[in-house]
Amino acid sequence: FREVPHLLTLLQALAETHKEVYPQVVMVDGNGVLHPRGCGLASHLGVLADLPCIGVAKSFLIVDGISRAHVNERAKQVLHGQGDSFELVGDSGRAWGTALVGSAGSLNPIYVSVGHR
């Protein structure tokens with residue numbers, strides 16, 4: 001989690017200089033709970049900053065029996081246009097996040113998961 005100290009510094013500076021625009025929620029370019037250890041960048045930052053965070057990742061990490069092959073096959077079946085999505089449910093039955101097409105013409109999905117709170 002090499003990025004977290006830098007992000008915390010930025011959040012602290014923002015709190016000190018521009019409280020009026022301090023975020024109520026943060027979207028992070030990285031994973032939340034959709035991570036092999038259940039704690040990606042969004043989770044780590046959210047806990048340390050005590051802020052709700054959402055992980056929005058470009059890469060899929062294998063979690064709870066959800067394989068890349070399964071995700072790729074499901075994406076071909078379901079993701080055809082902007083806003084199309086499907087839940088990423090593991091072998092345990094837990095929903096870890098969502099794969100979705102974020103913009104028109106996008107060839108690859110993004111992976112969204114809860115980070116903190």
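All values reported here derive from a predicted model rather than from experimental measurement.
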Enumerate the salt bridge (Lys or Arg N to Asp or Glu O under 4.0 Å) contacts for residues 105-117, please, sequence neighbours excluded, ordered by first and then second residue.
Asp50-Arg117

Taking all atoms of both residues into account, what is the closest heavy-atom pair of Ser59 and Asn31, and its distance?
O-ND2, 4.1 Å

Establish whether Val47 and Leu8 are linked, either directly or via other cluster members, by ILVMFWY side-chain heavy-atom contacts under 4.5 Å.
no

So, the side chain of Asn72 versus the backbone of Ala69: is there a donor-acceptor pair under 3.5 Å, distance only?
no

Here the pair of heavy atoms bringing Ser106 nearest to Asn108 is OG-O, 2.9 Å

Neighbour count >12 (heavy atoms, 6.0 Å) for atom NE2, His80
yes

Between Phe60 and Val28, is there shared hydrophobic-cluster membership here, with clusters defined by ILVMFWY side-chain heavy atoms closer than 4.5 Å?
no

Rounding to 0.5 Å, atoms CG (Leu48) and SG (Cys53) come to a distance of 10.0 Å

Would you say the side chain of Val26 lies within less than 4.5 Å of the side chain of Leu7, judging by non-hydrogen atoms?
no

Taking the side chain as everything from C-beta on, heavy atoms only, tell me whether Tyr22 gets closer than 4.5 Å to Leu51.
yes

List, by chain and number, the other hydrophobic cluster members for Val56, where Ile, Leu, Val, Met, Phe, Trp and Tyr join if side-chain heavy atoms come within less than 4.5 Å, directly or indirectly.
Val25, Met27, Ile54, Leu100, Ile110, Val112

Approximate separation, where rounding is to 0.5 Å, of Leu45 CG and His6 NE2:
12.5 Å

Hydrophobic clustering (ILVMFWY, side-chain heavy atoms < 4.5 Å, transitive) - are Leu61 and Val89 grouped together?
no

Which atom names give the shortest non-hydrogen contact between Ala104 and Gln82, and what distance separates them?
N-OE1, 3.5 Å

Heavy-atom closest pair, residues Ser43 and Gly32:
OG-C, 3.2 Å

For Phe86 versus Val71, what's the shortest heavy-atom pair and its separation?
CZ-O, 3.8 Å

Taking all atoms of both residues into account, what is the closest heavy-atom pair of Leu79 and Ala99, and its distance?
CD2-O, 4.1 Å

For Arg94, does the CZ atom sit with more than 12 other heavy atoms under 6.0 Å from it, leaving out its own atoms?
yes

Hey, does Val21 have a side-chain heavy atom less than 4.5 Å from the side chain of Leu14?
yes

Please determine whether the number of non-hydrogen atoms from other residues, nucleotides or ligands lying under 6.0 Å from atom CD of Gln24 exceeds 12.
no

Would you say that Leu11 contacts Pro23 through its side chain, given a criterion of any heavy-atom pair below 4.5 Å between the two side chains?
yes

Filter on salt bridge (Lys or Arg N to Asp or Glu O under 4.0 Å), then keep only pairs touching residues 57-70, sequence neighbours left out; what's left?
Asp29-Lys58

Hydrophobic clusters here meaning ILVMFWY residues chained together by side-chain heavy-atom distances under 4.5 Å, can you tell me if Ile66 and Tyr111 are in one?
yes

